[in-house]
Amino acid sequence: MSQDNTPKIRTRFPPSPTGALHLGGARTALFNWLFARHHNGSFVLRLEDTDRERSKQEYVESILDAMDWLGLDHDEGPYYQTQRFDRYREAVEGLVAKGRAYWCHCSPEELKQKREQAMAQGGKPMYDGSCREKGLGPGPGAVVRFKGPRTGSTAWHDQVKGPISWENEEMDDLVILRSDGSPTYHLAVVVDDIDMGITHVIRGDDHVANTPRQILLYQALEAKPPVFAHIPMILGPDKTKLSKRHGATSVVAYRDMGYLPEAMLNTLARLGWSHGDQEIFSRDELIQFFDLDAVGKSAAVFDQDKLLKMNARYMQAAEPKRLLEPVRPFLAQRGIQLKPEQEPLLLKAIPELTPRTPTLADLADWAEPYLLEQPVMDPKAARKFLTPASALVLARVRDLVAEIGVNDTQAMEQAFRDLAEQNSIKLGAVAQPVRVALVGRTASPGIFEVMDILGRDRVLARLAAAADLAKNPAETS
RNA sequence: GGUCCCAUCGUCUAGUGGUCUAGGAUAUCGGCCUCUCACGCCGAAGACACGGGUUCGAGUCCCGUUGGGACUGCCA
């Protein structure tokens with residue numbers, strides 16, 4: 001039972017489908033989603049596809065896919081701006097009729113020339129308003145410009161930056177309708193946010209300079225502007241705006257590298273937002289604690305190492321079953337189709353594996369020896385540990401396994417220690433050859449746990465195969 | 001160039017005038033643990049950009065300087 005009289009909070013995320021969802025966009029989406037969820041409001045998804053040249057359906061799908069992966073579900077939409085052209089057209093006509101906008105016949109070429117000339121003379125590259133008072137009508141190549149005020153100032157109280165104000169004379173008359181009849185970003189975004197009842201616009205602070213222009217548009221359209229909150233940008237390691245040249249910047253790229261969405265979400269949330277010294281947040285905690293007042297003002301550099309560590313923590317903490325489906329594609333990349341009867345074995349191995357595997361890709365790598373009939377033998381490891389001298393040790397261990405089995409790890413460890421002592425060698429001198437015999441490499445979880453999971457028969461078979469190799473080391477190299 | 005925004009360890013950040021000889025995380029280094037590799041634990045090093053104010057007192061408030069970023073499109 002809701003008893004608040006205040007209008008329900010509505011936020012939106014409006015990506016333009018001209019590329020994949022990148023880290024900055026994902027964080028913006030996350031903050032909007034968290035804010036809506038925290039306040040029990042609605043989260044609207046809208047595709048800003050008015051740039052017909054660059055907008056692509058495949059990007060729409062990729063963005064939706066990424067949002068889905070992150071679990072950022074929307075309550076409304078996705079709306080598409082290309083389906084609302086009539087509405088924008090109507091708004092523009094209304095503005096022209098009221099004298100708040102006018103037709104402009106200046107060509108892009110002469111505009112560009114004027115801009116460059118102004119720059120060269122140290123002036124401001126703004127539209128000079130040549131057509132502002134001409135009272136022109138539509139025509140070939142003509143656009144509609146907003147008729148902004150020439151005096152006064154426009155101000156707002158930004159929810160993260162505080163008070164910001166702009167001299168109106170600093171703003172030129174922006175184009176709101178292109179010569180092809182399509183609306184520009186400024187017009188479409190304002191009309192949409194009005195129509196969709198958006199109460200809070202949370203977006204990257206690369207939009208602050210757009211805000212006063214849009215407020216003017218709200219006023220001309222006789223609508224109340226929403227609350228604005230400009231969150232700091234996410235920068236690359238070189239502190240410039242994140243872009244393709246910064247390597248992996250798309251969210252799905254991280255998914256494909258084996259990161260868990262909860263780790264991605266947690267890391268993104270901590271860029272520009274904090275809750276005391278807490279570092280790990282569940283999805284519910286994020287919703288519970290998130291608010292705009294704890295969002296910082298300065299730009300943040302995305303730290304891959306920290307994401308990796310975060311992912312490692314989530315990997316370790318995950319229930320083995322949670323990892324089963326997500327790891328499948330990474331196994332498949334290694335040519336392994338996980339069979340149903342192998343699942344219990346993998347599930348049992350996962351707790352031993354995850355402290356060593358920061359990503360799903362690593363997990364697949366480390367799980368491989370358990371899932372193949374015989375492990376892929378690393379030649380270097382074989383050369384070093386499967387020596388004629390170790391053949392004897394391997395044979396003794398076989399006897400041990402035949403005798404004790406593999407499920408009593410404590411008894412097996414004791415037996416290994418006794419064996420080492422009897423031969424006056426260190427435990428490692430026994431364990432390493434065995435390890436290489438069992439998994440084909442020099443690093444693995446504890447050797448007794450590996451044996452337990454592999455099971456007696458497989459252990460015996462692998463020890464036998466390794467002993468053969470050890471007797472004839474030439475074959476390995 | 002102009003406008004606007006920003007400024008605490010390498011990086012993410014805590015800090016809202018005194019409890020800061022500045023806390024946490026990550027990265028780095030050292031140690032412990034140990035059958036390998038990890039995990040984990042312990043420890044070290046590492047920051048309030050600079051200069052003026054205001055104040056009994058400033059990382060915290062104000063001004064300036066410097067540095068960085070964004071915008072300056074018929075792109076969003």
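Chain naming here is simple, since letters A, B, ... match the order of the sequence lines and numbering starts at 1 in each.
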Enquirer: So for atom CD1, which belongs to A:I425, do other residues, nucleotides or ligands contribute more than 12 heavy atoms lying within a distance under 6.0 Å?
Expert: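 Counting other residues, nucleotides and ligands, CD1 of A:I425 exceeds 12 neighbours.
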Enquirer: NA contact type, A:G141, heavy-atom cut-off 4.0 Å: base, sugar-phosphate, or nothing?
Expert: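 If one applies the 4.0 Å heavy-atom cut-off, A:G141 turns out to touch a base.
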Enquirer: Measure the distance from NE2 on A:H230 to P on B:G69 and round it to the nearest whole Å.
Expert: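 Going from NE2 in A:H230 over to P in B:G69 covers 20 Å.
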Enquirer: Please state how far atom CE in A:M310 lies from atom P in B:U26, giving the value in whole angstrom units.
Expert: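 In whole Å, B:U26 P lies 9 Å from A:M310 CE.
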Enquirer: Let me know, please, whether A:G276 or A:D180 comes out on the 5' side of the other along RNA chain B by nearest nucleotide.
Expert: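 Result: A:G276.
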Enquirer: Output one letter per nucleotide in nucleotides 29-51 of chain B: B when a protein non-hydrogen atom lies under 4.0 Å from the base, S when only the sugar-phosphate is that close, - when neither is.
Expert: ------BBBBSS-----------
Enquirer: Does a donor on one side chain sit under 3.5 Å from an acceptor on the other, for A:K114 and A:S130?
Expert: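 Judged by distance alone, the side chains do pair up.
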Enquirer: Identify the residue among A:K297, A:H230, A:K161 that makes a side-chain hydrogen bond (donor to acceptor under 3.5 Å, both in side chains) with A:D205.
Expert: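 Answer to the side-chain hydrogen bond (donor to acceptor under 3.5 Å, both in side chains) test with A:D205 among A:K297, A:H230, A:K161: A:K161.
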Enquirer: N/O contacts under 3.5 Å, protein versus nucleotides 5-7 of chain B?
Expert:
from	atom 1	to	atom 2	distance (Å)
B:C5	O2'	A:K161	NZ	2.9

Enquirer: Check every strand shown and say whether A:S182 touches a base, only sugar-phosphate, or nothing at a heavy-atom separation below 4.0 Å.
Expert: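 Result for A:S182 = nothing.
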Enquirer: Separation of A:K306 atom NZ from B:C9 atom C1', in whole Å?
Expert: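 These atoms are roughly 12 Å apart.
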Enquirer: Quick one: label A:H207 by what it contacts on the DNA or RNA (base, sugar-phosphate, nothing), any heavy atom closer than 4.0 Å.
Expert: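 Contact class for A:H207: base.
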Enquirer: Does OP1 or OP2 of B:A76 have a side-chain N or O of A:T18 closer than 4.0 Å?
Expert: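 No.
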Enquirer: From CG of A:D277 over to P of B:C12, roughly how many Å is that when rounded to an integer?
Expert: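 Roughly 16 Å, once rounded to whole Å.
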Enquirer: Could you state the CG-P distance from A:D305 to B:C12, rounded to the nearest angstrom?
Expert: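 Atom CG in A:D305 sits about 13 Å away from atom P in B:C12.
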Enquirer: Using whole Å, report how far CE of A:M171 lies from C1' of B:U72.
Expert: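 My rounded result for the distance is 13 Å.
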